Structure formats: structure tokens, C-alpha cells
Amino acid sequence: MSHYNAKSIEKKWQKAWEKAKVFQAKTDITKPKYYVLEMFPYPSGRLHMGHVRNYTMGDVIARFKMSTGHNVLHPMGWDAFGMPAENAAMASGGHPKEWTYNNIEVMKSQMRPMGWTLDWTREFATCDPDYYGKQQELFLDFLSAGLVYRKNAVVNWDPVDMTVLANEQVENGRGWRSGAIVERKELTQWFFKISDYSNELLEAIEALDNWPAKVKLMQSNWIGQSKGLEFDFEIKNPLKHQKKIKVYTTRPDTLMGASFVGISADHPLAQELEKNSAEISAFNKECRQMSTSEADMEKAEKKGIDTGLRVKHPLDPDWELPVWIANFILMDYGTGAIFACPAHDQRDLDFARKYKLPVIDTFLSLDDSAPVVDEAFVPPKSEKVQWVNHFTEIDIATGQEAIDKTIDFAEKNKWGKSVTNFRLRDWGLSRQRYWGCPIPVVHCENCGVVPEKKENLPISLPDDVKFDIPGNPLDRHSNWRKCKCPSCGSQALRETDTMDTFVDSSWYFVRFTSPKSEKPTSSKDVNYWMNVDQYIGGVEHAILHLLYSRFFARAMVITGHLPKTAKEPFDALFTQGMVTHAIYKSTETDGRDSFHFPEEVELSEGRAYLKNNGKEVDIIPSAKMSKSKNNVVDPVNIVEAFGADTARWFVLSDSPPERDVEWTASGAEAANKHLSRVYRIINEIVKNKVRPNDEDENLLKEMHRTIHDVTQAIESFGFNAAIARLYGFTNVLAKSKAGTEAKLSAAKTLAQLMSPMTPHLSEELWKIMGEKSLLAQQPWPAVDENFLKDDNITMPIQVNGKRRGQIEVRKDLEISEIEKLALEEEAVQRALNGEVPKKIIIVPGRIVNVVI
RNA sequence: GCCCGUGUGAUGGAAUGGUAGACAUAACAGACUUAAAAUCUGUGGCCUUACGGCGUGGCGGUUCGAGUCCGCCCACGGGUACCA
């Protein structure tokens, strides 16, 4: 008998599947369709374990759905625009296009041996002019539908490299390449009006039944609906025409605790003031040098400057409040101005203490009426508190009641109005970079900003560009920029901004339904294939990518590219965890960390030692795989050593799919051992002839239970549970003394149940057991319910909630009988010590608890 | 900072509010072997001779019963709008 040889088996069956065109999807309205999609990869050039896990999960679903009679669409493509290609070009002088397409070829060659059911006939990259040309067409339609506009926005500007920096390229306020202090620069940029759909996107979340609750919650919080009050503070010593400051607050009930009015450094008033004050100008400049990232701004030290302006309190004209510029107030949110109530907001309190501003309690705790000192009193809005001289005459009430009353009061007295605000900002899509989809508009001296004509699409990127000089190569490519105005025909210039790569990924799943159609979509194909039945990807995309895609689908419905039913494009979403690996770290004599590759390290009793000198190194468990930490495990090596089925089996076993999985060499070896064992066991079954006997029934019973459990586990993404069950069934099969006929039936079922995970091995075993057809085209095994029934059950007996014994009873035994049997138990007798139990709780079919 | 997760043996993890540790890995013991590998069989939370006691990041609460529900805290991971 030959041994399990993954290499030859896998190649053979991949060819057989390809020949039979098992995985090519055709629009066929007579069959139920199933569209399974994993988030497409960025072509970094190396297939990563995370990809292997992601695409294997999708593949299990795809193969399972094929075997249950569905017409499955399982496509693959490339999220190919983005910064790494430009960075590579800058670092090594190549061209982003060449770099990207090379990487795609390399990655494809690494993906093919995995045996995924991908329909490669639909493949495209977002940097293909055909794809981004269609995207330009969508942009023009969105533009004429009023979904796109231009406005000013700030970017991180590197004054040395003369380039806009991404937030991740700003390190401690300096550019990562140049080291120059980063400035904020205001540019005119293109925006999608996603904020017009804030309410719609928020309300529709509720109906996404098959999305993880955590993702829905994250999106809701991101959109961030808040109800508050907008009102004016009148300036006592006004400046030119600016006589009032409009503020927005979600806690208008604390108005009597107001201590100062704060405005953003980008507020028109602040901009006006800096003209006459060097101090204010310097402060504003400092604020504008902060990174544009929210995390950096929030974590920065809270600072402010007194403007000298004073405003009147709306409820007491004699009450005067100072106006401060503060670095934590955002111009983008609300009105860019607030009033601060230090007693009930920690940030305001810290600020007030720092600058010696008053702290006034507006309400006190019911059980402790001490005034606020160093810790702001911020109870939940649902908690009742004692109010101090409230203008709406409330005494004891919750925060929410006070807010509602205050808004009514302000509206009745006509000094404020109720306003619902959203945190969600419009989607800035302009990027001042080369390697992206050109925005198809033209700047004409006579006509202004003019959309390009559709017949001129695609507006392709020029190939003759160099990255040896700072700045955007499109800006200095005068030939490419020069064009005719589509409106008046005179000399004009192209827009040099390209699109955010999130635009590319906001509709690729639609394009997969008809990747070659003349128009961006074909109605026949989108009507049949949309929506995506199961979308699978990393939770890191929970907010931006998924929210943008939801907006984009709506925009495509409005412009007639999608049917109304595709407004929410992803019926079900699954977010999988990362593949992690331990980091082996030691500290050099100069105090710097050095990282060691797994193969340089010897493991022994939970400690790690360097192979070359025996020195012990630190183990940092479960770290995200990262090149710089030397803890990347290359799937190619694993496939080379053990075969694709082993890699597939291992990434699915052990950890639940939504959680991170730790890659361990021993785990991969164990997976391989198990597959070899299955191969051996089944070969022996085929070889040895045993007559039918009494054991057959038990084996078939176990077989049907396994079909039931594995089917349920796969349907609910419990791949690790499915595999654990298959391990169990393999053990039963190995030990069973049943006859050959029953064993073959069980073994065939085992091969079938394993086939979504280990398709090549299963296909081989299928053939070894004498089957002529392709297993990939067989229907999923059916459960015979008669085998699932059981007459007796085991009931655990607890005393005071602790397990003390168990009884074997008939399923339908009466409660009084169970009680009698339970009390007769030895451990219960011992615990009772002759006394009468206080209470006996019997949950039928589950448990008995005797309370003493 | 803010939003969202996660935390169970040496390790990955299992467990509709109902027997904590299924299944697997590492380890140990035995069988086979001249020997090793492979394979097969067995042991396996901690303390205790036993009865029993203690155990799911920490502290507290609800419940007949909590890994699971509630409150506070700690650690780690993801997102934080120009990484994809």
C-alpha cells in the first residue's frame, strides 16, 4: 500500500477539476445561485497565512453550496492601486505598474496550488484601465446625480518631500521619509456626499440580520447620531461682522455650569483674531501642525488660549463667559464651537483646572452631595440626580429628562433649536498620488470644472513617469495634463487627483457579476447574481470598507447601475480573525531588540533557545505576523512540505474562525499526521474483507450523527467544531469492528464530509473506494433521522449546584420517578445525612439539583 | 483618548444559564523494534491517601445553579476617516 503523497494527489485532481470546468460560474436562472466572496487581496507579492485562512473558509462554503445544488459564484481579483507600489518605485526605481502586475503573477502562482474553487475567468485588477474606466463612468454619473462635490480640507503636508502624507506615514509629527515636521495644508478636494445618507445608512443596519452584532454596533457608533441643542452666544466686544458664536451641545441641561466657550483653531473667528495677535496666530499654527488623525488629536495634551473675547450667557445677560481657542475642538463636527461644563466632563474639568477657570456643579449625586473636585461627575443619562437651581425648575430627574426639557424650553423661548447631528463626515476621495484611478474631470479657464465625456473614457494613467523627484508625477506631466475642454473645446488641464482606493473596493463585487460587460454592470447578471450571499473578510474592515460599499451600492441604485434590491449588497457577513505567530525576541548589548526566525529557535518545555549559541530568548505569544518581527510563516513552504490539504485543514482546525489562530509548526505536523492516518485507515478498509455483523448498526448511527453535526457546523461557520467532530468520527471508524460494507459506507461519508476542507485527499480516497465520478460533483450526504434517536439519557445530579453523581433514565420518565432515583444516589444520601432537602429542581432532560 | 472585541489546563480550544476542560498539540508510561522513526494502547486542571476542597484575567452582584447575565477594574488585539 502506498503512502499519502499530497504532492502528486493534489496536482492530479486540480487538473481533473479544471478539465471538467467544475468552478466556472454561468448565469443560469434555472438554478438557485449562491455568491460567496472573500475580500480581495492587495497584491503585496507574497501570499500570507491570513489569505490562506480567509480563502479556505470561503472555499469550504463554496464547495458545500455546490454539493447542495447551488450555482456558485466564487471569483477572485486584485485590489491593485495603493501606496506600496509607489513606495516601492521610490525605493528601487521601478514602475508601480510593473511592480503590481509582477506581484499579481507571483501571488496567483502561489494561490493556484491551494485548490480553491476560484473562477479565474472573471479575474481583474482594479488598476486595469478597463476596470477603472468603468469606475470613472460611475463617478460621472454620481457627479451629475449631485452625489459628488468639491470643498476645502486639510491634509498632512511634508514640506521637504513636497507631498501629502497618509496618517500612517506621520511618525511623532514628522514625515517618515524626510523627518521634516509635518504641516496641515488646506486643499480643494473631491467628496462623496455620504453624510446625506447618515440616517438611511444607520436605520438600515438593523435589518442586516446576518451581520455580526459587533460590526453593526461599530457602524452605528461610527455614524454617531446625536440629538442636541444649537444656540448662539452673543459677543460683548464683537469683531467686525461676527457678533455671535453658534454652539452645538448634547448636554444643554448643564448650561448653568458653563465655564467658558471654546472654539476650534480653524473657526472663522479664530482665523480673524490671529490677524491681530501674534500669540493667537502662534497658537493656531501649533494646532494646525497636529497630525490629522483622530487618535493623535485626542491623545495630545489639551491646550488653549484666551481670546480676550467675552460672551453673554443666554439665560443671564449679566453673566460673562470667556472665549478660548482649544486644540481639542474640531471644526468638522457640529459648529466648531462649544460651551464647556467642567463639573460634568473630565476633559473640560482638566482644562478648567489647568487654566484656573470656574467649576460649577449643576447636579449632584443623590447619595453623595459633595461638589466636584478633581473628578468630573458623569453619571449615566438614565440615573436620577439632584439638580441645583435648574432653569426648567426640575429638581430630581435623570440627565435624559433634563436634556429633553431643556431643548423644549429653549425652543419655546426661541433662543435655541433642536438639532440632530451625525459624526459621519463626507467621504474625501481625492488623493494627490499617481497610482490610483484618475478623477475624470477637466479644469477649463472659461468653463471651470467640467466632467470628461464618457466616450473619452478611460482616462488612463500615463506610463512615462518617474519617482526620483519629490511630488506627484501627474502634476509635472504637462503632456498628459493638456487636453481639450469637453464643453468649449479650448485648451484645458486634467485633474491630477486620483481616487481613494476605497472607491475601487466599493463595487468590485458588482463587477465580478459581469467582468467584461461594456457598461459598468449588466442588468441580466446583476439581477441574477446580486447580492453577495456570503461575504468574508477581516474585522479590520468593519467600518470604512463596508460602510463605503453600502453607500456606493445606494449611489449605484440611484444612477441606475443596480436594482433597488441590491441597496444592501452583502446579505451575510463573516469576519475572520488573524493568523498569528509567536515572536522570538532578544535584547542586544546596546539595548536594541533583535528578532529571530522560528527556524533559528529551539523550543523546550515552553522556553525558547537560539540554536547557534543556546542563549534563551523571550517568547511573545500570538503576535500579528509581520515582516519586521521575523515571525511570518510562508504558506508556500508549508504547501511544499505537507501539501495544500494539510495547510487548509490546519488553518480551519483548533481556533474558531472569528478568532485569531496561532500558527505552530507542531500543529501543522499534527494536521498532516491526521490526514495520513485517514488515508491509511481507508486503504485498510478497502483491503480487508469483513462480513456484516452486530457492530454495523452502531457505526451507521455514529455516521448519521456525524453528518448531522458536521453539516450544522459548516452552515454556522463552526469549521473548528466540524473538524473536531471529524476527528472523533475517524477514531470511531478506526476502532470499529463492523463489516466491510458498513465501514465503506462510513468511510465514503467521511471523505465527503472532509471534502470541503481537504478536497484533494477526499477525491483520491473516493477513487480508491471504487467510485468513478468526481466527488466535487456529488451531492452532500443526507441524514437518516431514524439513526439520531436515543431512548435513554444521562442526567447529572447536583447538590447545591455541585455535581455529585449521575443517573441513567428513560427519556420520558416521570418527574416524580426521577426525583426518587436522584434522592437514592449515594452521594446525595451522604450529603443529606438523614435530613430533608429544602428544594429539588428538575430540568427535564437536562439536570437535577438537590438544595440542602 | 474614544468605539468594538478577546481573556478557560503546559498549549490551541469545547461547553442553548445546567456534568468545566469535548477534540487536538506538547508531555509521560507501555506495546512493537537490535535501535530509532512511524504506528498502536494508556495517563492527563491544582491540592488531598481518602472524604473532600479550590479552579474559566481580578473584585463584587443576580440565580437553586454563572465560563456564560449585570457592575467596576486589569491586560491584550482591531478601528479611529490618506495602510489596505
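Proteins come first, then strands; the chains are lettered A, B, ... in the order of their sequence lines, and each starts at number 1. As the structure is a computational prediction, the values presented were derived from the model and not from experiment. All values below were derived from every heavy atom in this structure, side-chain atoms included, with hydrogens, water molecules and symmetry-related copies excluded.
If you look at A:Tyr548 and A:Phe192, their ring centroids are not closer than 6.0 Å. For an aromatic pair to be called close, the ring centres must be under 6.0 Å apart, and A:Tyr535 with A:Phe574 fails this.
Side-chain to base pairing of A:Asn221 with B:rC3: no donor and acceptor N or O lie closer than 3.5 Å to each other. Taking only distance into account, the side chain of A:Arg846 meets the base of B:rU16 through a donor-acceptor pair shorter than 3.5 Å.
Contacts of A:Trp222 with the nucleic acid, taken as non-hydrogen atoms under 4.0 Å apart, include base atoms. If you check every strand for non-hydrogen atoms under 4.0 Å, A:Ser430 touches a base. Looking at heavy-atom distances under 4.0 Å, A:Arg804 makes contact with sugar-phosphate atoms alone, never a base. Within the 4.0 angstrom heavy-atom criterion, only backbone atoms of the sugar-phosphate kind lie near A:Arg830; the bases stay farther away. In this structure, A:Ala670 reaches the sugar-phosphate backbone alone: every heavy-atom distance under 4.0 Å involves primed, P, OP1 or OP2 atoms, never a base. A:Val851 comes within contact range of the sugar-phosphate backbone alone, with a heavy-atom separation under 4.0 Å but no base atom that close. Residue-level contact check: A:Gln219 touches neither bases nor backbone, having no heavy atom under 4.0 Å from any strand. Within 4.0 Å of A:Gly82, counting heavy atoms only, lie sugar-phosphate atoms of the nucleic acid but no base atom. A:Pro41 comes within 4.0 angstrom of no nucleic acid atom, judged by non-hydrogen atoms across all strands.
The side chain of A:Glu294 has B:rG1 as its nearest neighbour among B:rG1, B:rC82, B:rG13. Closest to the A:Phe502 side chain, of the nucleotides B:rC64, B:rG13, B:rA84, is B:rA84.
Each of A:Glu298 and A:Tyr548 has a nearest nucleotide on RNA chain B; the 5'-most of these lies closest to A:Glu298.
Look at B:rU80: its Watson-Crick or wobble partner, with both distances under 3.5 angstrom, is B:rG1. Within the shown strands, B:rC59 is the pairing partner of B:rG71 under the Watson-Crick or G-U definition, both distances less than 3.5 Å. Nucleotide B:rG30 is matched to B:rC40 when pairs are restricted to Watson-Crick or G-U wobble geometry with both distances under 3.5 angstrom. Remark: B:rA50 base-pairs with no nucleotide; criterion is Watson-Crick or G-U wobble with both hydrogen-bond distances under 3.5 Å.
One P atom belongs to B:rC28, the other to B:rC73, and the distance between them is 45 Å to the nearest Å. Comparing B:rG52 with B:rG57, their P atoms sit 27 Å apart, to the nearest whole Å.
A sub-4.0 Å separation between OP1 or OP2 of B:rC82 and a side-chain N or O of A:Arg184 is absent. At least one side-chain nitrogen or oxygen of A:Arg677 sits closer than 4.0 Å to the OP1 or OP2 atom of B:rC40.
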